[in-house]
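Reading through the structure tokens given below for one structure.
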There are 2 protein chains.
Amino acid sequence: MPDRRARRHEATRQEILAAAWQLAGERGLTGWSLREVADAVGMRAPSLYGYFENKDAIYDAMFAQGYQQLLEAVDGLPTAGDPRTVLQDVATAFFDFYVADPARSQLLFLRVIPGFTPSEGSYDLAERTLDRLREVLGSVGINRPEAVDLWTAVFTGLASQQVSNDPDGDRWARLIEPSVEMFLASEPPAA
Amino acid sequence: MPDRRARRHEATRQEILAAAWQLAGERGLTGWSLREVADAVGMRAPSLYGYFENKDAIYDAMFAQGYQQLLEAVDGLPTAGDPRTVLQDVATAFFDFYVADPARSQLLFLRVIPGFTPSEGSYDLAERTLDRLREVLGSVGINRPEAVDLWTAVFTGLASQQVSNDPDGDRWARLIEPSVEMFLASEPPAA
DNA sequence: GTCTATAAATGGATAGAC
DNA sequence: GTCTATCCATTTATAGAC
């Protein structure tokens with residue numbers, strides 16, 4: 001068990017990240033400054049440097065945290081069982097995750113921040129998340145690498161269109177089910 | 001025929017836009033300043049204000065120009081004929097357009113710039129481009145609005161995955177043809 | 001039409017006191 | 001661990017001379 005000081009430090013880090021997420025959600029992924037984050041947690045900007053080396057380190061922690069959240073969302077899903085049901089569930093979970101926080105999705109799935117590259121550790125987490133998706137799809141007989149790539153393209157595409165072109169509606173959300181059917185028809189699960 | 005002065009003015013505007021595209025391509029859509037654009041065209045930053053009201057006006061002109069380019073790419077495509085061929089052509093044309101300039105694609109298809117909204121005129125151009133796509137798809141019997149939405153989702157998805165996850169390869173490009181087949185199987189062209 | 005000069009604000013980041 | 005003070009660079013944008 002870590003000592004009190006280390007835990008307090010970690011708690012403050014989380015507060016800072018929460019404030020950054022909030023601002024990113026309100027003003028766009030790149031639409032906030034360190035001063036604003038500091039204000040939001042009741043600090044002055046220089047104090048942030050006791051918790052993060054620089055702004056990119058905050059983005060990196062957000063990147064890792066975002067994939068951690070996605071990993072948990074995918075982990076909570078049932079595997080095996082009726083392929084149609086499993087695929088609808090994972091498709092819906094991913095879609096919901098994507099549209100729930102468009103700024104987060106830009107950070108995780110698009111290359112939007114000039115000069116920012118995730119650290120090796122954060123990137124590993126992204127890999128593990130994709131591995132977990134492969135497990136879920138594999139559990140219902142979707143194993144071809146090309147099928148997995150097609151799956152990610154279709155559902156990032158649906159979610160991205162939803163966010164960009166109908167942010168308050170469900171124009172593309174309604175296409176999740178037909179998309180799964182389309183996918184299943186062209187990619188019949190192997191035994 | 002406009003007088004020499006107006007034409008020179010327009011030519012300089014185009015030079016400025018070309019420089020902005022170049023910088024956006026090299027450093028990301030938001031990774032450049034007015035000063036750098038000015039340098040690239042051999043001006044000082046304040047002189048740009050003789051051609052564009054502000055930076056967002058440059059983004060707006062780029063937005064319009066990008067959709068103009070897409071419109072021309074779609075207009076150059078054959079309509080009618082074998083549905084499979086027509087759809088492969090339009091899918092490939094769109095995919096190539098998207099990956100040819102990821103910064104342009106972020107501007108046109110994603111909401112990446114904090115605070116920027118295209119002007120009404122520029123947005124109209126985007127609408128006309130989508131109308132033209134509807135014509136092409138309609139020419140081979142794809143008319144249902146949901147089918148068009150699904151089409152845009154699938155192919156923005158493929159292209160976006162290609163750019164973000166395999167920028168120098170063809171991992172998702174190779175899925176264009178199977179995706180068209182998948183789409184056709186689930187959305188048989190109406191007579 | 002382009003320049004110099006500069007405003008006015010904002011940004012990330014560091015030094016050093018407490 | 002947090003602060004004040006400040007650096008230093010950068011940004012968009014304007015005023016006014018040439």
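Bear in mind the structure is a predicted one, so any value in this text is a computation, not a measurement. So that the names make sense, note that chain A is the first sequence line, chain B the second, and so on, each numbered from 1.
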Touch class at under 4.0 angstrom, heavy-atom based, for B:R5 against every strand present: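 Touches sugar-phosphate only.
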Touch class at under 4.0 angstrom, heavy-atom based, for B:S33 against every strand present: sugar-phosphate
Between atom [atom1] in [X] and atom [atom2] in [N], what is the gap in whole Å?
X	N	atom1	atom2	answer
B:L48	C:dT2	CG	P	10 Å
A:R35	D:dT2	CZ	C1'	16 Å
A:E36	C:dT10	CD	C1'	10 Å
A:E15	D:dG1	CD	C1'	14 Å
A:Y49	D:dT2	OH	C1'	15 Å
B:D39	D:dT12	CG	P	12 Å
B:R44	D:dT11	CZ	C1'	16 Å
B:L34	C:dT10	CG	P	17 Å

[X] versus [Y], closest heavy-atom pair with distance:
X	Y	result
A:G50	A:H9	O-CE1, 3.1 Å
B:M62	B:W32	SD-CZ2, 4.2 Å
A:I176	A:L158	CA-CD1, 4.0 Å

Short side-chain N/O contact from A:S47 to OP1 or OP2 of D:dG1, under 4.0 Å: no
B:F155-B:F183 aromatic ring centre distance below 6.0 Å: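 Aromatic pair excluded; centres sit 6.0 Å or further apart.
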B:R104 to B:F63 six-membered ring, cation-pi geometry met (6.0 Å, 45°):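 No.
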Proximity to DNA chain C (any heavy atom under 4.0 Å), residues of residues 50-64 of chain A only: A:N54, A:K55
Flag if over 12 foreign heavy atoms under 6.0 Å of CZ, A:F116: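 Check passes, neighbour count above 12.
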Stepwise side-chain hydrogen bond (donor to acceptor under 3.5 Å, both in side chains) check, B:E72 with B:Q68: CA-CA 6 Å; B:E72 283 160 20; B:Q68 184 64 44; 3.2 Å; yes
